Amino acid sequence: VNYDEDRRVLDYLVATGVVGYRSKIFEVRAGRDRNRWGDAQGSTSLSDYGTVYDQLQIRTTVGPVQYTNLFTSLATGRITSSDAVIPKKYTAMHRLTVKLPARVEVSLTESIAFGTDSLGARDGFDVAYLNPVIFLRAAEADRGSPDNVLLGAGASWIPYPGYKVYGSVFLDELRVAEIGNKWWGNKWAVQWGAFAVPDPRFDVRVEMTRLRPYMYAHRDPLNAYVHYDDVLGHPPGANAIDVLVEARARPVAGLEAVARWTRTVRGRDSTGVNYGSNPKLPNDTRVADRDVAILQGVRQLDNELDVRLQYELLPRLFADVGAIYFVHDDAVDGLDRVLQAQAGLRWGLTPGRSR
């Protein structure tokens with residue numbers, strides 16, 4: 001269930017297929033799939049919670065250095081119930097990761113989202129962003145700064161085999177002189193977490209994420225960092241604080257039990273007032289320029305417990321049973337509770353996610 005402003009339930013027809021080539025240094029993939037960058041379960045720069053999209057991915061690995069180029073074709077939200085071609089939008093992304101001594105890894109990410117120019121100056125993918133080594137921000141400035149550029153950095157450290165701590169920051173916009181002034185345009189997401197595998201049959205993850213209002217949004221909604229109605233970054237979206245705890249156990253071969261708890265606090269928009277939670281709204285309709293704080297707006301609290309058990313009957317054929325208990329508390333609309341049982345068979349597919 002997606003508790004957005006009009007309480008819609010969003011379903012997509014998913015078709016996935018990828019072809020490619022891999023050598024010791026190069027990997028090329030083309031097709032329709034998801035991606036997730038970074039160590040986090042819900043990455044702030046590129047998560048795999050949304051639906052699939054068309055893409056071309058080129059990855060180059062030389063020793064401890066890996067450089068990835070990702071070019072995608074996305075879709076805007078469906079705006080009509082009749083048969084029609086859904087308008088397109090695009091992204092170009094670069095990611096550089098370097099493995100350092102002492103089991104430390106650092107990464108830099110650059111992304112740009114753009115659509116067709118309303119005046120007809122650009123139609124389709126902008127070839128200026130096809131350069132695999134150029135800084136996208138420089139190319140975007142040369143084009144007149146019409147698009148949505150986001151920058152990110154991350155690091156992870158393995159203090160002991162089986163234990164990892166990690167963190168990242170993702171910037172949609174930043175003015176250094178305004179740091180600490182609650183200026184609306186300082187839009188960022190910060191995240192930290194830990195992942196532990198104390199035993200090969202058990203692992204646990206803890207994550208916390210904070211996202212400023214208007215994160216992922218743009219003055220032109222077509223350039224928002226969104227595919228259909230899902231953000232490409234952290235699933236709860238902007239103007240939120242999110243905590244995740246997940247544990248997995250594999251007591252015997254082929255059997256896996258998973259328990260995931262998430263707690264999300266957000267400040268949602270109210271009717272006609274843009275507090276910064278919906279990245280599909282133009283950010284020039286913001287409620288204010290100053291005193292813009294995380295969780296401004298109508299306060300919401302979501303708690304979700306997702307428990308499931310799966311068994312691999314045959315290679316890549318899984319039987320699943322599980323349940324989701326979801327509590328949604330809105331300061332205006334009140335309290336909702338949902339209990340949903342699930343059972344099914346999967347062949348070659350990953351389990352669906354509720355958030």
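The structure presented is a predicted model; accordingly, all values stated were derived computationally and were not measured.
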Residue pairs, two or more places apart or on separate chains, that pass side chain to side chain donor-acceptor pair (under 3.5 Å) and touch residues 194-203: D199-R201, D203-R250
Those residues that, when tested against S145, pass side chain to side chain contact (heavy atoms under 4.5 Å, CB included) (two or more places apart): R137, E140, A141
Partner set under side chain to side chain contact (heavy atoms under 4.5 Å, CB included) for S168, not counting sequence neighbours: T44, Q191
Summary of salt bridge (Lys or Arg N to Asp or Glu O under 4.0 Å) pairs that have at least one residue in residues 96-112, sequence neighbours excluded: none
Exercise: do D172 and Y225 side chains pair donor with acceptor under 3.5 Å: no
Residues forming a side-chain hydrogen bond (donor to acceptor under 3.5 Å, both in side chains) with R175, sequence neighbours excluded: none
For Y275, ring-ring contact (aromatic ring centres under 6.0 Å, His included) partners two or more places apart: none
Partner set under salt bridge (charged side-chain N to carboxylate O under 4.0 Å, His left out) for K89, not counting sequence neighbours: none
Under the salt bridge (charged side-chain N to carboxylate O under 4.0 Å, His left out) test, residues paired with E27 that sit two or more places apart: R22, R59
For D33, salt bridge (charged side-chain N to carboxylate O under 4.0 Å, His left out) partners two or more places apart: R29
Ion pair check, R34 and D48, cut-off under 4.0 Å: no
Under the side chain to side chain contact (heavy atoms under 4.5 Å, CB included) test, residues paired with L255 that sit two or more places apart: P251, V252, L309, Y311
Test side chain to side chain contact (heavy atoms under 4.5 Å, CB included) applied to L70 - qualifying residues, sequence neighbours left out: N35, W37, L46, Q55, Q57, T72, M93
R266 and D302 ion-paired at < 4.0 Å: yes
Short N-O contact, K280 and D229, less than 4.0 angstrom: yes
Residues in salt bridge (charged side-chain N to carboxylate O under 4.0 Å, His left out) contact with R143, at least two apart in sequence or another chain: D126
Q310 side chain reached by R346 side chain, heavy atoms, under 4.5 Å: yes
Check: I241 and M208 side chains under 4.5 Å, non-hydrogen atoms: yes
